[in-house]
Amino acid sequence: MGKTSSCVYLVGAGPGDPELLTRKAYRVLQNADAVVYDRLVSQEIVDIVPPGCTRIFVGKASGNHTLPQDEINELLVKLARTNHSVVRLKGGDPYIFGRGSEEAMHLSRHQVCFEIIPGITAAAGISASTGIPLTHRGLATGVRFVTGHGKGDEELDLDWRSLADGSTTLVIYMGLAKLPELSRRLIAAGLSPDTPAAAVANGTTAKQRQCVSTLEQLPLALKDIDFTPPVLCLIGRVVSLAHELNWQGLTYENLGLETLDAKVSA
Ligand code: SAH
């Protein structure tokens, strides 16, 4: 595709656990000449790259970019000129809220060869580690990945009516700061305040913590818990299976659990 023999690999690093890397991602990392990564990528994964490889940290966390996106784009083009194999390593999957497609567009417009290597997105990784399925017959006929990212005091611009659907699981990325607004607006749009809801911090890593509650009470529950990002929120009836399918024997921080247990057994 490109004019040079070099290639930029946009690689999904998965949600944190290094064992959740694909074999392809692992191979490309082992052969990289330069790696550009951000905050969501765990150190254990960065350590896979060989000693001679250039490592560039661009420190991107939600809403806090150490290097602006256009400079990251430029950096990738520049690295492709002087390196054979450049890896742009991103948390989860590069094409789910990762701005991977913006980077790919920039590379394409500069005739730089690129390849996309998918990763396990946070929703799938956390679903597996907590045991909360994203769909379940009779509880959820579909799942929606939604961004809860919003600037400062600005209200979120989401289609609340369509999101307030009790038969769909909602997975909220980057939603911790706006969780009170999300909860309020979904309830106002018709979603039951008793809808089971969970928040999971640092999913799939040794630092994973989880809280199960209800849509109405989750923001309150999280206020009492020192949850450090990244945090993913799951809203929907599938969350009621958290305890039964808790195969790792996780401890759930909780508020409103009694109500939830009553609903599960009802
Ligand atoms: N491309 C990534 C998402 C990037 S947006 C993916 O596919 O997973 C960043 C958001 O992802 C965080 O704010 C958080 O909501 C979620 N996230 C990513 N990794 C996570 C983890 N290990 N635990 C909890 N949430 C995570």
Side-chain angles (χ1 to χ4, degrees), residues 9-22 24-25 36-46 58-67 69 72 87-104 116-132 134 143-151 156 158 163 169-183 197-212 218-219 221-222 225-236 239 242 248 250 252-253:
Y9 298 91
L10 297 174
V11 179
D17 177 355
E19 294 215 279
L20 293 178
L21 274 178
T22 62
K24 204 166 188 177
V36 178
Y37 65 102
D38 43 55
R39 206 161 305 188
L40 276 179
V41 178
S42 65
Q43 191 56 44
E44 287 155 291
I45 291 175
V46 177
V58 289
K60 207 160 89 179
S62 62
N64 173 20
H65 296 194
T66 302
L67 204 63
Q69 186 63 49
I72 296 176
V87 172
R88 171 64 172 120
L89 197 53
K90 304 175 89 69
D93 181 85
Y95 273 8
I96 295 180
F97 303 128
R99 303 188 76 169
S101 43
E102 292 174 39
E103 294 172 11
I116 313 296
I117 300 181
I120 293 182
T121 191
I126 284 164
S127 163
S129 67
T130 55
I132 300 170
L134 295 178
V143 53
R144 284 181 77 170
F145 295 169
V146 181
T147 169
H149 177 67
K151 283 195 188 122
L156 290 170
L158 296 171
L163 289 177
T169 305
L170 293 180
V171 182
I172 317 284
Y173 286 73
M174 299 173 280
L176 184 60
K178 296 276 186 187
L179 191 60
E181 182 188 341
L182 274 155
S183 160
V200 181
N202 294 292
T204 80
T205 73
K207 290 187 294 178
Q208 175 171 314
R209 288 183 74 187
Q210 49 282 322
C211 173
V212 168
L218 188 65
L222 292 189
I225 307 169
D226 187 21
F227 253 38
T228 52
V231 171
L232 191 80
C233 300
L234 301 139
I235 301 167
V239 176
Q248 297 209 83
L250 302 173
Y252 282 91
E253 311 273 353

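Start at 1 and go down the list; that is how both ligands and their atoms are numbered.
Among the atoms of Val231, some N or O lies under 3.5 angstrom from an N or O of ligand 1. Any N or O atom pair closer than 3.5 Å counts here, and Ile96 shares at least one such pair with ligand 1. At least one N or O atom of Ala122, backbone or side chain, sits closer than 3.5 Å to an N or O atom of ligand 1. At least one N or O atom of Met174, backbone or side chain, sits closer than 3.5 Å to an N or O atom of ligand 1. Residue Asp93 has at least one N or O atom closer than 3.5 Å to an N or O atom of ligand 1. Residue Leu40 has no nitrogen or oxygen atom sitting less than 3.5 Å from a nitrogen or oxygen atom of ligand 1, judged on distance alone.
Donor-acceptor pairing under 3.5 Å is lacking for the side chains of Thr130 and Tyr252. A side-chain N or O of Gln208 and one of Ser129 form a donor-acceptor pair less than 3.5 Å apart.
The distance from ligand 1 to the heavy atoms of Val200 drops below 4.0 Å at these ligand atoms: 24 (C). Shown in contact with Ile126 at under 4.0 Å from a heavy atom are these atoms of ligand 1, numbered in order with element: 23 (N), 24 (C), 25 (N). Under a 4.0 Å criterion applied to the non-hydrogen atoms of Thr121, ligand 1 contributes the atoms 6 (C), 7 (O), 8 (O).
Panel note: side chain Arg88, backbone Gly100; no donor-acceptor pair is recorded below 3.5 Å.
Under 4.0 angstrom from ligand 1, the non-hydrogen atoms of Asn202 all belong to its backbone.
Closest approach of Ala198 to Val212, counting heavy atoms only: CB-CG2, 4.1 Å. The minimum heavy-atom distance between Ala104 and Tyr95, with the atom names listed, is CB-OH, 3.3 Å. Taking each heavy atom of Ile132 and Ala242 in turn, the nearest pair found is CG1-CB, 3.8 Å.
A distance of 6.0 Å or more separates the ring centres of Phe145 and Phe97.
In this structure, Gly91 counts as a contact residue of ligand 1, since one of its heavy atoms falls inside 4.0 Å of the ligand.
By the 6.0 Å contact criterion, CD on Gln43 is enclosed, its count of non-hydrogen atoms from other residues, nucleotides or ligands being greater than 12.
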